[in-house]
Number of protein chains: 2
Amino acid sequence: MGLEERRRREKENRRAAILRAARKLFFEKGFKPVTVESIAQKAELSKGSIYLYFNSKEEIYTQILLSDIEKFHKGIADLFRTGETASDLLVELAKIYINFFLGDKELFRILMTFMLHTEHMNLPEELNRHVVKTTNKTISVIEKIFQYGVDRGEFPPTMNLRLNRDVIWGLLNGIISLHLFTGFEARREERIRATVEEGIREVIRGLIAPEAGAEGPMKAAAGGRTDR
Amino acid sequence: MGLEERRRREKENRRAAILRAARKLFFEKGFKPVTVESIAQKAELSKGSIYLYFNSKEEIYTQILLSDIEKFHKGIADLFRTGETASDLLVELAKIYINFFLGDKELFRILMTFMLHTEHMNLPEELNRHVVKTTNKTISVIEKIFQYGVDRGEFPPTMNLRLNRDVIWGLLNGIISLHLFTGFEARREERIRATVEEGIREVIRGLIAPEAGAEGPMKAAAGGRTDR
DNA sequence: TCACCAACTGACCATCGGTCAGTTAATGAC
DNA sequence: GTCATTAACTGACCGATGGTCAGTTGGTGA
């Protein structure tokens with residue numbers, strides 16, 4: 001009864017074909033200008049068939065993001081093998097990230113758009129959770145590097161891992177967003193890389209450097225003490 | 001002869017009324033779910049009339065952003081009067097920014113959406129330029145603060161103003177984006193504020209700290225202390 | 001040869017952004 | 001008071017598009 005099996009495989013292939021077609025189109029034109037009809041044509045199916053595989057245009061968009069994030073995650077699997085310092089690992093990660101999400105520049109847009117509009121996208125709850133989980137897994141790599149840095153005595157053991165993870169991630173994605181907006185096409189990636197690298201190195205130096213004087217987080221932290 | 005004048009004023013009022021109505025609706029539901037018809041109803045006009053004042057739904061959306069950015073800009077006009085350190089000014093600016101753009105949390109979304117999708121929005125070229133210019137004006141406030149810090153000897157005169165401006169802006173907006181995505185509603189703003197403040201202080205410390213050798217033993221102090 | 005059924009189709013529907021020919025009403029000339 | 005002018009406004013209409021579903025197709029096994 002290899003029939004069932006073959007059917008399953010063929011169905012999976014169709015699905016992949018749709019995603020491939022959609023990917024090409026979305027990366028070419030963005031979200032709105034791509035019609036479901038055009039995706040269907042490119043995948044050599046009818047519009048109706050698309051909806052046998054996906055529930056909405058938004059879901060296709062999200063699935064593309066999902067599989068790309070997973071690809072990225074695989075790509076950084078061997079990051080720790082190199083035996084570099086944690087600082088260099090952070091910069092290295094950032095560079096890979098920039099290459100990956102800006103290689104197809106629309107991909108970064110998809111990522112941010114999703115992050116900003118998750119709620120309005122009304123996707124099936126499960127898919128939503130899946131993307132959030134996958135994204136978090138990626139973000140947590142930053143935290144792992146910090147932990148690694150603490151372990152090898154590079155960073156102070158008292159550092160706040162979560163907070164610094166958020167700072168690095170924010171810095172990285174914020175700088176990319178800014179440059180997509182203002183930067184001219186030419187040499188954009190180069191500038192992003194330089195800015196991100198220097199930003200990360202500054203944060204790290206600041207993390208290591210002694211806190212100057214009485215000012216600083218102390219003042220604010222005093223009021224914001226909020227143990228759960 | 002006050003006729004011409006009165007007409008002009010009334011027209012301006014209508015325009016404002018449309019923007020007010022649209023603002024309420026967009027902030028309530030996001031972009032797509034708001035129909036032009038519903039804006040018209042709320043503004044007590046017909047759909048057709050809306051298009052006497054604006055060229056597209058996107059343009060309305062953008063105008064809201066524009067007028068809000070300008071409001072923000074006025075709000076920080078007196079930032080320099082306080083005589084604080086440049087570091088504190090940066091943190092202060094960030095806090096005002098967070099309050100402002102998260103007070104109506106949709107506003108931040110509008111800002112980022114615009115930055116990410118400027119090109120696909122096909123607005124009149126002039127409006128586009130206007131928003132870019134206004135946004136840049138806001139971003140450049142960060143640079144001014146850095147300059148102020150250099151002038152008063154707080155930061156090294158060799159520092160790269162533009163780069164650090166981009167780092168701070170990126171950090172600020174990236175952290176906000178991240179928290180809108182993952183953070184639970186409760187205590188979100190508080191967390192954002194804490195993370196941003198510490199991030200900024202780290203960058204500043206890193207900016208001041210000697211670049212020193214590859215890795216420096218630390219342990220002396222803890223940036224981003226764990227307050228959980 | 002036929003019954004079954006998963007996969008597929010495309011006509012159809014509802015919604016919505018945007019248009020435009022026609023209406024309304026304020027004004028000012030006579 | 002009457003009428004011509006015209007800016008402001010209206011809403012029926014159009015085209016595009018996301019999504020649906022009743023019906024068709026073709027491979028399979030009896």
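Both backbone and side-chain heavy atoms feed into the values below; hydrogens, waters and symmetry mates do not. Chain identifiers are assigned alphabetically (A, B, ...) following the order of the sequence lines, protein sequences preceding nucleic acid strands; residue numbering begins at 1 within each chain.
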(message) What is the distance, to the nearest angstrom, from the CD atom on A:Glu44 to the C1' atom on C:dA7?
(response) 16 Å
(request) Starting from P on D:dG18, measure out to CG on A:Asn122 and report it in whole angstrom. (result) 15 Å
(request) Side-chain contact test, heavy atoms from C-beta onward, threshold under 4.5 Å: evaluate it for B:Phe101 versus B:Asn173 and give yes or no. (result) no
(message) Of the listed nucleotides (D:dT20, C:dG18, D:dG11), which one gets closest to any side-chain atom of B:Tyr51?
(response) C:dG18
(request) Would you mind reading off the distance between A:Arg7 atom CZ and D:dT28 atom C1', rounded to a whole angstrom? (result) 8 Å
(message) Heavy atoms from C-beta onward define the side chain here; which of C:dT9, C:dA7, C:dC16 lies closest to that of A:Ser46?
(response) C:dT9
(message) With a 4.5 Å cut-off on side-chain heavy atoms, are B:Ile76 and B:Glu92 touching?
(response) no
(request) Round to a whole Å and report the spacing from CG of A:Asn13 to P of C:dA6. (result) 20 Å
(request) Look at all strands and tell whether B:Leu52 reaches a base, only sugar-phosphate, or nothing, counting heavy atoms closer than 4.0 Å. (result) base
(message) Between the base of C:dG18 and the side chain of B:Lys47, is one N or O donor paired with an acceptor at under 3.5 angstrom?
(response) yes
(request) Just compare D:dA8, D:dG19, C:dA7 and give me whichever is closest to any side-chain atom of B:Tyr53. (result) D:dA8
(message) Measure CD/A:Glu37 against P/C:dT9 and give the value in whole Å, please.
(response) 11 Å
(request) Decide, yes or no, whether a salt bridge links A:Arg14 with A:Glu10 under the criterion of side-chain N to carboxylate O below 4.0 Å. (result) no
(request) Return each pair, listed once, that meets ring-ring contact (aromatic ring centres under 6.0 Å, His included) where at least one residue sits in residues 13-51 of chain A; pairs must be two or more places apart or across chains. (result) A:Phe26-A:Phe31, A:Phe26-A:Tyr61, A:Phe31-A:Tyr61
(message) Can you identify which nucleotide, out of C:dG10, C:dT19, D:dC9, has its nearest atom closest to the B:Leu45 side chain?
(response) D:dC9
(request) Report the C-alpha distance between B:Arg165 and B:Asn160 in whole Å, list the side-chain angles of each, state the deciding distance to 0.1 Å, and finish with yes or no for side-chain hydrogen bond (donor to acceptor under 3.5 Å, both in side chains). (result) CA-CA 9 Å; B:Arg165 172 201 70 194; B:Asn160 185 333; over 6 Å; no
(request) Write down the distance between CD1 (B:Ile50) and P (C:dC16), rounded to a whole number of angstrom. (result) 15 Å
(request) Please check the phosphate of C:dT9 (OP1 and OP2 only) for any side-chain N or O of A:Ser49 closer than 4.0 Å. (result) yes
(request) Among C:dC8, D:dT10, C:dA7, find the nucleotide with the atom closest to the side chain of A:Lys11. (result) C:dA7
(message) Whole angstroms only, please: what is the CD-P distance between B:Gln41 and D:dT10?
(response) 12 Å
(request) Please state how far atom CZ in A:Phe54 lies from atom P in C:dA7, giving the value in whole angstrom units. (result) 14 Å
(message) Heavy atoms from C-beta onward define the side chain here; which of D:dC9, C:dA6, C:dG17 lies closest to that of B:Thr35?
(response) C:dG17
